[in-house]
K.L.:
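Just passing along the structure, written as structure tokens.
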Amino acid sequence: MKSLEELQRIKEAQLEAIRLREADQKAKIVVGMGTCGIAAGAREVMSAILDELGKRRLTGVAVTQTGCIGLCAQEPLVDVILPGKPRVTYGKVDASKARQIVAQHIVNGIVISEWVVNRGEE
């Protein structure tokens, strides 16, 4: 790195890349992959979500992971974030529920209320 200006150009280029990537997203799914989540089956949940998205050929859905958020008794946790909608957190998700969350919430926009442990604010 040669100068502060070069660092600023690199920063702007990276921020633009992030903006472009996020602009294509229709939805975001976050799976809790802390040790408590993994012990409760988060890896199977993540695999089921990715498999279901692939089977349905859904694009524009970002799937990421996070660590423990302190709701260990509700693991595995899955957050669904749709543009313009509050974050919805599902608890005690298994592979079957994960597939239904993709089908109902991601595809149809219908929240499965009986599995929700938290709703964010808009």
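Everything numeric in this text was worked out from a predicted model, so none of it was measured. The basis for the numbers below is simple: all heavy atoms, side chains too, and nothing from hydrogens, waters or symmetry mates.
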K.L.:
Side chains of Q65 and V30, heavy atoms from C-beta outward: is any pair under 4.5 Å?
P.N.:
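They are not in side-chain contact.
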
K.L.:
Of all heavy-atom pairs between P86 and G120, which one has the smallest distance, and what is that distance?
P.N.:
CB-O, 2.9 Å

K.L.:
Go through it in stages, so that I can follow the logic: the residues are R9 and E5, the test is salt bridge (Lys or Arg N to Asp or Glu O under 4.0 Å), and I'd like the CA-CA distance, side-chain angles, deciding distance and then a yes or no.
P.N.:
CA-CA 6 Å; R9 282 193 302 274; E5 290 79 25; over 6 Å; no

K.L.:
So, taking the atom named CG in L77 and the one named SG in C68, what distance separates them when rounded to the nearest 0.5 Å?
P.N.:
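With rounding to 0.5 Å, CG (L77) is 8.5 Å from SG (C68).
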
K.L.:
Among V88, I29, V78, I112, exactly one meets side chain to side chain contact (heavy atoms under 4.5 Å, CB included) together with H105. Which residue is that?
P.N.:
V88

K.L.:
How about L4 and Q8: do any of their side-chain heavy atoms sit closer than 4.5 Å?
P.N.:
no

K.L.:
Could you check whether any side-chain heavy atom of R119 comes within less than 4.5 Å of a side-chain heavy atom of T89, counting everything from C-beta outward?
P.N.:
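Counting from C-beta outward, R119 and T89 never come under 4.5 Å.
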
K.L.:
Tell me, do N118 and V116 make a side-chain contact under 4.5 Å, heavy atoms counted?
P.N.:
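Side chain of N118 against side chain of V116, heavy atoms only: no contact under 4.5 Å found.
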
K.L.:
About how many Å separate NZ of K97 and CH2 of W115, when rounded to the nearest 0.5 Å?
P.N.:
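Going from the CH2 atom of W115 to the NZ atom of K97 covers 6.0 Å.
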
K.L.:
Any side-chain heavy-atom pair from R99 and I49 closer than 4.5 angstrom?
P.N.:
no

K.L.:
Does a side-chain heavy-atom distance below 4.5 Å link S47 with E44?
P.N.:
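They are not in side-chain contact.
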
K.L.:
Count the heavy atoms belonging to other residues, nucleotides or ligands that lie under 6.0 Å from CZ of R43, then report whether that count exceeds 12.
P.N.:
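12 or below, so no.
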
K.L.:
Over all heavy atoms of both residues, which pair between A103 and N108 is shortest? Give the atoms and the distance, please.
P.N.:
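Between these two residues, the closest heavy atoms are O-ND2, 3.1 Å.
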
K.L.:
If we only count heavy atoms from C-beta on, is the V93 to I101 side-chain gap below 4.5 Å?
P.N.:
yes

K.L.:
Apply the test side chain to side chain contact (heavy atoms under 4.5 Å, CB included) to residues T59 and K26: give CA-CA distance (whole Å), side-chain angles for both, the deciding distance (0.1 Å), then the verdict.
P.N.:
CA-CA 8 Å; T59 59; K26 297 173 190 151; 4.1 Å; yes

K.L.:
Between the main-chain N or O of S96 and the side-chain N or O of D94, is there a donor-acceptor pair closer than 3.5 Å?
P.N.:
yes

K.L.:
Show, in sequence, the C-alpha distance, side-chain angles and deciding distance for D79 and K28, and conclude whether the salt bridge (Lys or Arg N to Asp or Glu O under 4.0 Å) test is met.
P.N.:
CA-CA 8 Å; D79 287 339; K28 183 174 183 179; over 6 Å; no

K.L.:
Do you reckon I106 sits in the same ILVMFWY cluster as V117, going by side-chain contacts under 4.5 Å, direct or chained?
P.N.:
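I106 does not cluster with V117.
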
K.L.:
Please name the pair of heavy atoms, one in E75 and one in G32, separated by the smallest distance, quoted to 0.1 Å.
P.N.:
OE1-O, 3.8 Å

K.L.:
Does V31 share a hydrophobic cluster with I81, counting links as ILVMFWY side-chain heavy atoms below 4.5 Å and allowing steps through other members?
P.N.:
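As far as the 4.5 Å side-chain criterion goes, I81 and V31 are not connected within one cluster.
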
K.L.:
Mind checking whether Q100 and E52 have side chains closer than 4.5 Å, heavy atoms only?
P.N.:
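Answer no - side chains too far apart.
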
K.L.:
Taking all non-hydrogen atoms of both residues into account, name the closest pair between G41 and P76 and its distance.
P.N.:
C-CG, 3.8 Å

K.L.:
Would V102 and L82 show up in the same hydrophobic cluster when neighbours are defined by side-chain heavy atoms closer than 4.5 Å?
P.N.:
yes

K.L.:
Specify the closest pair of heavy atoms between V80 and Y90, including all atoms of both residues, with the distance to one decimal.
P.N.:
CG2-CE1, 3.9 Å

K.L.:
Following the transitive rule for hydrophobic clusters with a side-chain heavy-atom cut-off under 4.5 Å over Ile, Leu, Val, Met, Phe, Trp and Tyr, establish whether L50 and M33 coincide in one cluster.
P.N.:
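Linked within one cluster.
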
K.L.:
Distance check, rounded to the nearest 0.5 Å: K11 atom NZ versus E16 atom CD?
P.N.:
14.0 Å

